[in-house]
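Heads up: the structure comes next, in structure tokens.
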Amino acid sequence: MSTEELSKAYDPAEVESKWYKIWEERGYFHADVNSSKKPYTIVIPPPNVTGQLTMGHILNNTLQDILIRFEKLNGRETCWLPGTDHAGIATQTKVEKELKKNEGLTRYDLGREKFLERVWAWKEQYGGKIIKQLRSLGTSCDWQRERFTMDEGLSAAVQECFIRLYNKGLIYKGHRIINWCPKGRTALSDEEVIYKEEKGHLWHFRYPYADGSGYVVIATTRPETLMGDTAVAVNPADERYAGKVGKKLILPIVNREIELIADDYVEKDFGTGAVKITPAHDPNDYEVGLRHNLEVINIMNDDGTMNAEAGKEFEGMDRYVCREAVVKKIEELGLLDHIEDYTHQVGYSERNDVPVEPRLSDQWFVKMKPLAEPALKAVDDGRIKFYPERWVKTYRHWMENIRDWCISRQLWWGHRIPAYTCDQCGEIVVAKGMPEKCPKCGCTHLTQEEDVLDTWFSSWLWPFSTFGWPENTADLKAFYPTQTLVTGPDIIFFWVARMIMAGIEFMGDIPFKDVYFTSIIRDEKGRKMSKSLGNSPDPLDVISTYGADALRFTVIYIAPVGQDIRYSNEKCEIGRNFANKIWNVVRFRLMQGPVTSAKPTLDNLGTLRPDDQWILASLNQAIKGVTDGLANFRFNEVSKILYEFIWSKFCDWYLESCKPVFNGGDAAQKQTVLRLFDYCVATFLKLLHPIMPFVTDELYHQMGFATADDSIMKTEWPSAISEDVLNSYGATQAAEDDAEAKFELIRAIRAVRANYGIATSKALDMVVSPANDEMHEFLKRDEASFKALVNAGELKFVPGYQPEGPSGVAVSTAATAYIPLAGIVDLDAEKKRLEKQEAELAKYVGVVEKKLSNEKFVSKAPADVVAQERAKLAEAQEKLARVREQMKAY
RNA sequence: GGGCGCUUAGCUCAGUUGGUUAGAGCAUUUGGUUUACACCCAAAAUGUCGCUGGUUCGAGUCCGGUAGCGCCCACCA
């Protein structure tokens, strides 16, 4: 127990660094694989190695930590596995940018091997920086199990996965049009293309018929692909072109003959109804080309410049420079019909932010349909639950329309594809390591695939590769499947869906049971936080200013389920003030003497005062509400229950009611109240611990509930108080109602005081006339706290009291209170106050009377609702009568 | 083109299966050195719950329509 008095204000900095170190050193975060306890596992969404801690990470990891700490107190063997993602294209792009900036070099200048050395050096320097930063947030990660997606074990898992899918026929190599990033010079998956609305043009060009009989006008958004055209297509049902199909056209500029063909793909009503067909540069055109056996002419290099096929005139030009050049040329040729403004969606590469180019190339694909079916079923039949549930719809839509996943990347940073091509016969061998010889021709010269895999091809294995898969490890058996995944809805396709597929495919079981999708944190203007906008605060600064507990509490408090949140640093005052409030509860308590017991219980407390009964009942509701809320991911609700209970109930009312007992009550009563007080503090510290771990452990120790070598982390989650115990102490609904009625009276008396500007510190004599005998009894049961809460001088209870002189009058359900205010009472002001109260009550009585006089309401509404209304009416009528009685005096 | 979300006090937002006189924090006004806390206490003021129909004894809450804002998905060049 501390003998030092606590400082007036809570200072989190020292407390937080002290406790984190202690928790970690004592191994509190480490999960025992041999534990007999039921496991509870979360795998962290691995941040990119290039990343910095953002507000998004704060929210996401606070939520995970709350769950882990909650389940730990509930007796589960918790395992929170941390780690990082190599983030293929993101990291490579970043290192390339640095290289360009600092040394003016490209990756090609260095070569693959040297470049990779640089990336690894980068990873060593910055990788896992977020992970280290997370400690300041208090995350109880099992650091001994930290993983990286390019660890040896995880790399082996990637190979195993690739080989199995290949052998099953679910991975294949194909010649297709894919999304190509000309800046990164790599293929992308569909998900890595971000569509942006762009104001462009629809150019109308004239393509002359070869026989000189006029021309066809085509509309295009991409003039630069003209040189790759191998046909013009119209809808077969389009009368405008009836009889023209099959005729030859002269492709302008290149003067090549192409055919006018008919294909259902063409919409009659769009543009001119005639489309230029460029099989090498548009996925639809490619399909049309296949159907009509068209020539495929690739006119671009992999960096988005034009190649020799585009013609001498354009060769080497950037695609956008070329666009202008082609338009100019067409105009010169007199073939520019007209130009229309046109707004359309243009796909950009996620990481390099340049328009993607459809490109025909050889890539590796995963056949997704067979994997998607069982994964969709797992969510549809409720084995996996989404919170909020509406994301199921998004998930289903994607799963039902799933397309094959392009997994090969022409990058250097990542897992190299375990495929080998025979130099002699071209046979492809997929294997772990270089085969000694080609199984087909026996040739001993094979070359490994240059490409690496999409970064998500390793992350989709994360829930089990991290525990040792494909080895059947003890960890894997103990901790898979995991329980909860906490992540952002923005990676539902990239990651969540694919993990479900991989889990079912390779483990034969779902990877997690619940998926909680977090809010997106925006700035106070509602903009997404981003580096370029500079509107993202550095969480480490926030933590040093307000404290990690304050930040944690605040983000939970302002983040409702499934709604984006607007964040600003000032909001952390909510959490900071709350931490300070709790600190001061303990400070106050320790001023009253040592704690009653290191393990407070409710055994044989003695006789409780009404306020004790009330707080006990309230505490029980808080326990139930918080427990239920955390079990159902209603974090925001939990934070509000705790805030309300501790601040509004415990501090504002209960603690104040205890002061007269602590200062002058008899010894036995003081002991009873102290014991209950201690029980409440011990309980709410535990309830709050998952959200605010630091201050709660510190105060748990300050209170003397834990010895120096112990921790609140090692305690048990509070269970609801049994009905028997509550009843034995009179902590019933009736007691609560009585207490609330008393509080209403106290507020009314305070309002009179405030109305006259009388300082709270000035004691006032008063006479209370109870509304009935029960209230009379009730109010007299604990005069001391009542007196203290209204700061009464002489206090008398006189039923049916008639005031002798000018008084302030407070009418409440419980009683009418008279405060003699000779000399200061303002009769007009009193009258006004009463008139206002009368009007409000009369209005209310009218509403309820009307409701009750409605026969349909009385006959159809549930009996208890009707009874409730009747009781409310009677109460209001009685109060109204008293107010009117008082008004007679004026 | 399809899907989803939001619209409640000056601001930021709560409001689980429909049922007290719709709440909180901040801001505002008034008063306060009661030895836990000014990161505080007490009191006050502020709302046609976007609009519009409907279901119901009863709608902020459920259903239809509609407006504005935002997000996601989609191969009309």
Side-chain angles (χ1 to χ4, degrees), chain A residues 6 8-10 195 202 218-222 233 265-267 269-278 282-285 287 342 344-345 358 388 390-391 393-394 397-398 401 489-490 492-493 520 524 526 528 546 550 557-558 560 562-568 570-571 573-592 628-629 632 634 636-637 640 643-644 648 651-652 655-656 659 747 750-763 788 791 840-841 843-844 847-848 851 854-862 864-866 868-869 871-872 876:
Chain A
L6 269 52
K8 277 179 99 164
Y10 172 55
Y195 287 91
L202 201 52
I218 59 94
T220 181
T221 54
R222 304 210 55 203
Y265 150 70
V266 181
E267 301 281 334
D269 303 330
F270 187 86
T272 59
V275 191
K276 67 193 225 26
I277 300 296
T278 324
D282 183 282
N284 293 309
D285 291 7
E287 293 300 319
Y342 185 61
H344 61 147
Q345 303 282 329
R390 68 183 144 84
W391 291 108
K393 215 166 176 175
T394 305
H397 182 259
W398 190 72
N401 296 285
D490 50 332
I492 188 165
F493 309 137
I520 292 170
E524 60 263 72
K528 209 166 171 177
Y546 295 97
Y557 189 81
I558 66 177
Q563 229 44 65
D564 290 0
I565 59 179
R566 293 187 184 206
Y567 172 88
S568 63
E570 300 78 61
K571 286 194 172 158
E573 287 176 11
I574 299 169
R576 181 198 59 184
N577 296 353
F578 189 44
N580 190 58
K581 191 76 181 175
I582 299 153
W583 176 264
N584 273 287
V585 170
V586 171
R587 182 165 182 265
F588 168 79
R589 173 59 188 85
L590 294 177
M591 286 174 176
Q592 315 307 321
D628 184 60
N632 292 289
R634 296 200 297 262
N636 169 258
E637 185 183 312
K640 288 187 158 71
Y643 191 88
E644 156 88 10
S648 307
C651 292
D652 289 351
L655 186 149
E656 292 301 327
K659 283 180 179 174
R747 281 196 201 95
R750 285 172 176 174
V752 171
R753 182 194 281 279
N755 202 37
Y756 289 104
I758 305 164
T760 329
S761 53
K762 187 175 193 292
N791 194 17
E840 279 169 5
L841 277 167
K843 187 181 159 204
Y844 179 59
V847 168
V848 182
K851 200 188 256 189
N854 180 348
E855 269 180 47
K856 284 181 176 172
F857 172 71
V858 179
S859 60
K860 290 196 175 178
D864 59 320
V865 172
V866 177
Q868 215 175 31
E869 290 296 322
K872 284 191 296 190

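Each chain gets a letter, A, B and so on, in the order its sequence line appears, and its residues count up from 1.
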For this session: Report yes or no: does A:N755 contribute a side-chain atom to a donor-acceptor pair with the main-chain N or O of A:A751 at less than 3.5 Å?
Result: no
For this session: Output yes when A:K872 and A:E869 qualify as a salt bridge under the 4.0 Å nitrogen-oxygen rule, no when they do not.
Result: yes
Exercise. Does A:D628 come within less than 4.0 Å of A:R634, counting only side-chain N to carboxylate O?
Worked result: yes
For this session: Using the test side-chain hydrogen bond (donor to acceptor under 3.5 Å, both in side chains), find all partners of A:E656 that sit at least two apart in sequence or belong to another chain.
Result: A:K659
Can you check the distance between [N] and [M], where both ends of the measurement are the [atom1] atom (answer in whole Å)?
N	M	atom1	result
B:G58	B:G50	C1'	23 Å
B:U16	B:U61	C1'	11 Å
B:U21	B:A38	C1'	33 Å
B:A14	B:U55	C1'	27 Å
B:A9	B:G60	C1'	14 Å
B:C51	B:G68	P	16 Å
B:G3	B:U48	P	33 Å
B:A27	B:G15	C1'	22 Å

How long is the line joining [atom1] of [X] and [atom2] of [N], in whole Å?
X	N	atom1	atom2	answer
A:E869	B:G18	CD	P	17 Å
A:N636	B:U16	CG	C1'	12 Å
A:I558	B:C11	CD1	P	18 Å
A:I492	B:C4	CD1	C1'	11 Å
A:Y557	B:G23	OH	P	15 Å
A:Y756	B:G31	OH	P	16 Å
A:Y567	B:C11	OH	C1'	17 Å
A:I520	B:C6	CD1	P	14 Å

Measure the shortest side-chain to side-chain distance between [X] and [Y] over non-hydrogen atoms and say whether it is less than 4.5 angstrom.
X	Y	result
A:D285	A:Y265	yes
A:Q592	A:F588	yes
A:T221	A:L202	yes
A:V865	A:F857	yes
A:V586	A:L6	yes
A:D282	A:R222	no

Exercise. What is the per-nucleotide protein-contact pattern of nucleotides 33-48 of chain B, from the 5' end, where B denotes a base atom under 4.0 Å from a protein heavy atom, S denotes such proximity for sugar-phosphate atoms only, and - denotes neither?
Worked result: -B-BB-BSSSS-S---
Seminar exercise, completed: Whether each nucleotide of nucleotides 69-77 of chain B has a protein heavy atom under 4.0 Å at its base (B), only at its sugar-phosphate (S) or at neither (-) is summarised, 5' to 3', as ----SBBBB
Can you tabulate the close N/O pairs, meaning under 3.5 Å, that link protein atoms to atoms of nucleotides 55-59 of chain B?
| unit_1 | atom_1 | unit_2 | atom_2 | d |
| --- | --- | --- | --- | --- |
| B:C57 | OP1 | A:K860 | NZ | 2.0 |
| B:C57 | O2' | A:N854 | ND2 | 3.0 |

Seminar exercise, completed: For residues 579-592 of chain A, the salt bridge (charged side-chain N to carboxylate O under 4.0 Å, His left out) pairs (sequence neighbours left out) are A:E5-A:R587, A:R589-A:D678
To the nearest 0.5 Å, tell me how far [X] [atom1] sits from [Y] [atom2].
X	Y	atom1	atom2	result
A:E573	A:R576	CD	CZ	5.0 Å
A:I558	A:I565	CD1	CD1	4.5 Å
A:W391	A:H397	CH2	NE2	14.0 Å

Exercise. How are the rings of A:Y643 and A:F578 set to each other: parallel, tilted or perpendicular (split at 30° and 60°)?
Worked result: tilted
Problem set entry | Canonical and wobble pairing (Watson-Crick, G-U, under 3.5 Å) of RNA chain B, dot-bracket with | | (((((((..((((.....[...)))).(((((.......))))).....(((((..]....))))))))))))....
Exercise. Is there a side-chain polar atom (N or O) of A:K393 under 4.0 Å from OP1 or OP2 of B:G3?
Worked result: no
